[in-house]
Every structure is written in structure tokens, then in C-alpha cells.
Amino acid sequence: MATAPRILVYLLRRDLRVSDNPVFHEISRLSSQASPPFTHILPVYVYSANQIEVSGFLRSRDSKSPYPEARAQNSGFWRTGYHRAKFVSQSVWDVKGTLGQLGSGLVIRVGKYVDVVRDILQHYSDGGEKGEIVGVWMTEDTGSEEKAQERAVRKETEKHGKEFKLWLDEKYFVDHRDLPFDISNIIDLPDVYTTFRKSVEPLRERPRPTHPLPEKLPPLPASIPSQFEPFAIPDGEEALQEALLSPLISKPDIPNPPSWPSNVGSAHPFAGGETKGQKRLHHLLKSGAASAYKDTRNGLLGEDFSTKLSAYLSIGCLSARQVHAAMLQFEDGTPPVLPFFPSEETDWPSVPGWAGGENKGTAAIRFELLWRDYMRLCAQKFNTALFTIHGFRGSKLSRANAEAGADLQPYSNPQTKKEWHYLSHSGPGSSPEITRRKLIRFIRGETGIGLIDASQRELIHTGYTSNRARQNVASFLSSHLNIDWRLGAEWYEAMLVDYDVGSNWGNWQYVAGVGNDPRLGRVFNPVKQALDYDARGEYVRAWVDELRGVDIAAEPSQSAKNGTPAKDKTDDVDPEKLMGVYQAWRLRDAEKARLGLDKLEWVQHPLTRINFSVAGKGRFPAGRGGGNRGGRGGGGGRGTWNARGRGDRGRRRGNMDRANLAGGGGTQDVLPES
Ligand SMILES: Cc1cc2nc3c(=O)[nH]c(=O)nc-3n(C[C@H](O)[C@H](O)[C@H](O)COP(=O)(O)OP(=O)(O)OC[C@H]3O[C@@H](n4cnc5c(N)ncnc54)[C@H](O)[C@@H]3O)c2cc1C
């Protein structure tokens, strides 16, 4: 008589890959032993009811979900919006396909993790032919909510007398076990990134080797419990996606969102999944985009100015060490081995950077991947302070508050304290109703500040906007409008295809001045930034299509009349007219009337006016030449509206961020750069 199946349950969360996955690696190793501890595996992915709306999975229209809607705490926005829901669903389906090819499979469920686990444990509790659970495994995750999930699943598993094992999350650049401090004493994490980075350099030598793709995995058990009531899991990828997306489409976060302008492509047109992530990584190396990254990373338009790996990394379709390993092979002149992309030997030598060791592009990618590690460690250190208005700086755990002479300015410094405008209650100079109206205009991309509006519209349509744009948007909401920065973070959480708890909330805190930016009172000037990074207004005019017809042409110069080529790409642009693209209220009345802009509220009554003027005559202001990127910015982006190419290369930096950040916060106008 056949023995009953011995089943290992593996709950997947943000580890949606089969290669370089320590859990699948170990399952494969154990199952190849003479007497494996389990005969079957049950990999399960749960659409977690408090993080993604699951009412679209209700079996009938008359049934009611036992879970409240998955909405954010301060704003009421969906926790997971359309773009990410789609990307995650594609990624889940991709893993399911790979597991199927390896002789196993993936079961998809909705609900709370603990409810799903309880249901599974109960199904097998009688023993017999159905089988017996030998353990429940799960990979750890960042964030207080995720930790609570882990505790609840552990408790439930142990209540049933089964073993629970929490695996280390190995999708980061530096393995937890290799940090220069003991992770159980996370208070020792430096409060400033540079200090942390120096403690783990040289970065190229840090990551551990990757695990290979298993050749074969144990099968699913024959008896699998169905989804518990009142939900049902539809068959097929399309039906599943529809169940996820339908509530988000039927109840959009804002009424009448702006429409997608013609002829502008998404900077992030990529589908989710481990195989797609590896394809993207392969493309970055093969096209030379990885080697060019340092010079292009502050672009605004196009697919290749930056890696666009963030969404794959955030849910674990790729691990950072896979990115590192592929770059290492490229740098050493070995065709990168990606499990889903065997390399063709022949044409690599023609790729810029091939076999040349670490270059400034690949080094800069490692630098950024370490930022991601750092944000995740901060989230772990500060825990729920990640979501509080006064942020890390206000936390008792901040070393600045704990010790004299630490890197961060102490929270008690009056410069770090702001009077925030809230949605829930009145504060000095604002009421919830005014804040709500401003917030809606901010979200719709109708603030009247071109760079902000372009980014917000791009975000709502595509689920992505560049790092440069994100910094400006976060600074604008928190320092120009003084609105509770958490509303912006929640909007990003809903919208971003690459949302990641540590990176999102940590970066919002950083820019809002309550996180671990060692410099105090920094405010981005979004007009100056537009001039530096969108020198022809192409990005703004791509997404804010009302402004496409704005005439920015300069009077033909004498040299042009003589047929001599322009000295600079912007010689044919009239800087004063360009200012009307960056802030439409500055357009001449006749131009506004010609384009019908005089009837638009956001043109006539912008949320703030920034008195920035172009210094000098004929040419754009100082601060645009030379210098290289350092710290957190640099580079620039150009291209046509539907550009697919890279951003501009080799652009300025030096003192620029300081200049960009000139001026005060609040709703005060930012002072012009002298
Ligand atoms: C207000 C704000 C919110 C943000 N929210 C998120 C978020 O939810 N998820 C997220 O992954 N990133 C977030 N970022 C960081 C950064 O903007 C994105 O990682 C980056 O734009 C993603 O595009 P990319 O993959 O092409 O990045 P690249 O420029 O190609 O960078 C390579 C990788 O490095 C990492 N990285 C780069 N910059 C940062 C950074 N500042 N912090 C942490 N990791 C970084 C990402 O994993 C990224 O994929 C945020 C930044 C700001 C200013």
C-alpha cells in the first residue's frame, strides 16, 4: 500500500522567483536524498486581504467579504492600485508556470495568511490518504505588518503541532549574515547611509553567490483544499487578473482621472515575473545601458535611462545578488548566465564595458542597490516610526536623539519641525477641506508646476515615474504645500508598480525632512530642476498635453540666420517662454488665450508660484555645466515625447543640488537662485 503524502507547505510572499531562492534550493536538495523528509510540496501564494482588495474573488454577487476593504490608513486610497496588482498577478503566474515545468505547481488563495494556513492545516488534520503536513515554511519580510503576519502564521502552525520555519530573505545585496554588526542588535545600524556604505565596501566583493535554478521539484499533493468561502479562485491568468482589477477599476481613487496623452510611451512597459526580470537584466547588459547608467540615471523619458529593475526586486522576481552576479560576469568577460536567458557568446565583445572590469555604470548600480538594503534595514530598525509624521528623526531609536555627536541633527532642532496640514483635522493655516482639495489637484497633476504635474500624470497612467521626479514630487508636497507627507507616501503605495515598504516610506521621510537625510531643511526647486533635467520641456509637454502647443522657439539668432549651427542644444529655445512650460501661469495672456489655457483653474490659480528667473541673457543660468553626479542626483533626461532612448549623458552635478534646494519650504515662494 502506498504511504500517505508528507507535505511541506511553502508560503510565498515577496520571494516570487524559483532561481536563487534558498527555499526552493533547499527543497530540491532535501528531495534528492535517499529518504527525503517530505514527498510533496504545496507552494501557496496568498493575495493578502489587508494589502490588496479581494472582493473581486467573491463567489456570488450576494456574498459579502469578511474583510474590510484594503485601504490606506490616512488617505483611504487603495493599498494596491491597478498597476501593481497587474504586475504582481503576472509575476505570480510566471512562478506558477516555472514550478509546473519543474514537476510541481503553485496554489493561489485569497484572504489573510493566517486564515489560509489554518484552512490548509485543518484539511490535512485527519491524516489518512490526503496526507500529513510536515511543516510550514515562509521567507521573512520587512515591515511591521509583515512581521505580524509571520507571528500569526507561526502561532497557528505550532498550535497544530507542526514545525514553522522562517527563512532569511536573500533578495538583498548584502546578506544579513555578512553585515558588520549583529542584525539582532539593529540599533547599531548607522543613521546615515554613507557611514553604512563605508562599513560594507568594497561593494563588488560583498554579495554571496546565487543559488541555481532547481532541476526538479516534488509534485503537488493529489488532495488540495479549495479556497474557503465566500471566495473562489477563477481558472486562468486572465480571469484571475480580472478578479483582482475589477474593484480597483469600479471604484477609482479619484474621479475623472486625466486621460493618457497621445504619442507618449511608458518608461516602464514591462510585464511582471521572474523570466521577464531576467530578460530585462540581460537587455541592460547586452545593450550597454548598464555601463552607461551613471550618466543616464537622472533621465525622465524612455525605457533605458535607468534599470527599471525596481519592480522585479521589490517582490523578489529578481534578487539583487543576481543583478550583481550577472554584472560581475559581464565585467569579467564571461557571458552572463541567467537561468532563463542562456547567453550567446558571439556578440558580447562589441558591447560597451564588456570585459573591462567594474565600470562607473555597474558601480553606480551596486551603489543604488545598497541604498535599497539600507532603506530596508532602516525600516527594520525604526519599525512603526516608518509611518509616523515625525519619522525616524522623531523616534527614540534615532541615534541622534540618543547620543550627542551622532550623524543626524537631533529632532529637537526647530528647523526639522514643520506645521503639517492634515486631512483629519485642522492645523495652523489649513483645514481638512483645503488640504483635501489641494491633495486632489496634486494627485491629478493639476498643481500648475509642470515637472510635478508631468510626473503625477505619468504615475497615474503607468505606475512609474523616475527617481528624479519622485524626489521633486515628495519635496513639493511636503515642503511647498506642507501637506502630511504620509498622504503622498500612501498615494505612491497605491500607484507605484515597484512599491516597497522600506524604499517608499524611507525615501518619503528622507525628502520630507523627517528621515535620515543628514542635511537639514532641503527643498527642491521644481522649476530649477526642470531647467536642469528637462531643458526643452519635453518631459513636461509629453505628459501635460495641454502645454504641447506652447511656443518655446527663440528668435533666430544671427548665427542661425547666417546658417551657422547652434552652439548648444537649447540655443533655439527662448528661456522665458520655457518658463511658461514649467509654470503655465507665466505664459503671456495672448499665448494662454491661443491655447485655451486661460480657462484652466490650475493655469490661472496654481497651488504655488515659484519666482524663478533665468539669469543672464540668451543662455540658461549657471549651475548647468560640468560636474558629475554624487550623492543622490545628477544626470539628465532628454528625448522626444515617445522617446525610447536613454536620457542625456554626462550631465552636470557638483554644487547643483545645493542650488536646486535653495529657498524655504511651506507655501512660500522659493527664492530665485542668485
Ligand atoms: C519619494 C520616493 C519614493 C520611492 N519609492 C520607492 C519604492 O516604493 N520602491 C522602490 O523600489 N524605490 C523607491 N524609490 C527609489 C527610486 O526612486 C526607485 O528605486 C527607482 O526610481 C526605480 O527605478 P529603477 O529601477 O530604474 O532605478 P535605478 O536608478 O536603475 O536603480 C537601480 C536599483 O537601485 C535601487 N534604488 C535606486 N534608488 C533607490 C533609492 N533612492 N532608495 C532605494 N532603492 C533605490 C532600486 O532597487 C533600483 O531598481 C523612491 C524614491 C523616492 C524619492
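As the structure lists them, so they are numbered: ligands from 1, and atoms in each ligand from 1. None of these values were measured; they are calculated from a predicted model.
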Hey, is ligand 1 close enough to Lys308 that some N/O pair sits below 3.5 Å?
-> yes
Cation-aromatic face contact Arg468/Tyr533, 6.0 Å, 45 degrees = yes
Contact (N/O only, under 3.5 Å) between Ile365 and ligand 1 = no
Taking only heavy atoms of Asp500, which atoms of ligand 1 are found under 4.0 Å from at least one of them?
-> 7 (C), 8 (O), 9 (N)
Check whether any N or O atom of Trp508, backbone or side chain, sits under 3.5 Å from an N or O atom of ligand 1, and answer yes or no.
-> no
Thr307 to ligand 1: N or O pair under 3.5 Å?
-> yes
When the ring planes of Trp260 and Trp543 are compared, do they come out parallel, tilted or perpendicular, using 30° and 60° as the limits?
-> tilted
Using a strict 4.0 Å cut-off to heavy atoms of Arg372, name the atoms of ligand 1 that fall inside it.
-> 43 (C), 44 (N), 47 (O)
Consider only side-chain N and O atoms of Gln529 and Asn472, and report whether a donor and an acceptor are under 3.5 Å apart.
-> yes
From Arg321 atom CZ to Asp175 atom CG, the distance as rounded to the nearest 0.5 Å = 6.5 Å
Looking only at distance, does Ser466 have an N or O less than 3.5 Å from an N or O of ligand 1?
-> no
Side chain, backbone, both or neither: the part of Tyr464 lying under 4.0 Å from ligand 1 by heavy atom = side chain
The answer for which part of Leu496 has a heavy atom under 4.0 Å from ligand 1 is side chain
Which of the atoms of ligand 1 are close to Leu313, meaning less than 4.0 Å from one of its heavy atoms?
-> 47 (O), 49 (O)
Please work out which of Ala512, Gly299, Gly502, Ser503 has its closest non-hydrogen atom nearest to atom 12 (N) of ligand 1.
-> Ser503
Ligand 1 contacted by Tyr510 (non-hydrogen, < 4.0 Å) | no
Between Val497, Asn467, Leu284, Val511, flag the one that comes closest to atom 16 (C) of ligand 1 by a heavy atom.
-> Asn467
Report the C-alpha distance between Asp253 and Arg444 in whole Å, list the side-chain angles of each, state the deciding distance to 0.1 Å, and finish with yes or no for salt bridge (Lys or Arg N to Asp or Glu O under 4.0 Å).
-> CA-CA 10 Å; Asp253 276 317; Arg444 294 176 60 90; over 6 Å; no
Can you list the steps and then say if Leu496 with Arg470 is a side-chain contact (heavy atoms from CB on, under 4.5 Å)?
-> CA-CA 11 Å; Leu496 282 177; Arg470 292 181 202 196; 3.6 Å; yes
Nearest heavy atoms of Pro257 and Ile460, plus distance in Å = CB-CD1, 4.2 Å
Passing candidate, ring pair (Phe, Tyr, Trp, His ring centres under 6.0 Å) with Tyr510, options Tyr374, Trp371, Tyr193, Trp485 = Trp371
Please determine if Tyr492 has a nitrogen or oxygen closer than 3.5 Å to a nitrogen or oxygen of ligand 1.
-> no
With under 30° as parallel and over 60° as perpendicular, where do the rings of Phe387 and Trp505 fit, or are they tilted in between?
-> perpendicular
Give the single entry among Ala320, Gly488, Ala489, Ser310 that approaches atom 48 (C) of ligand 1 most closely by any heavy atom.
-> Ser310
Do we get Lys308 above Tyr312's six-membered ring, with its NZ or CZ under 6.0 Å from the centre and within 45° of the axis?
-> no
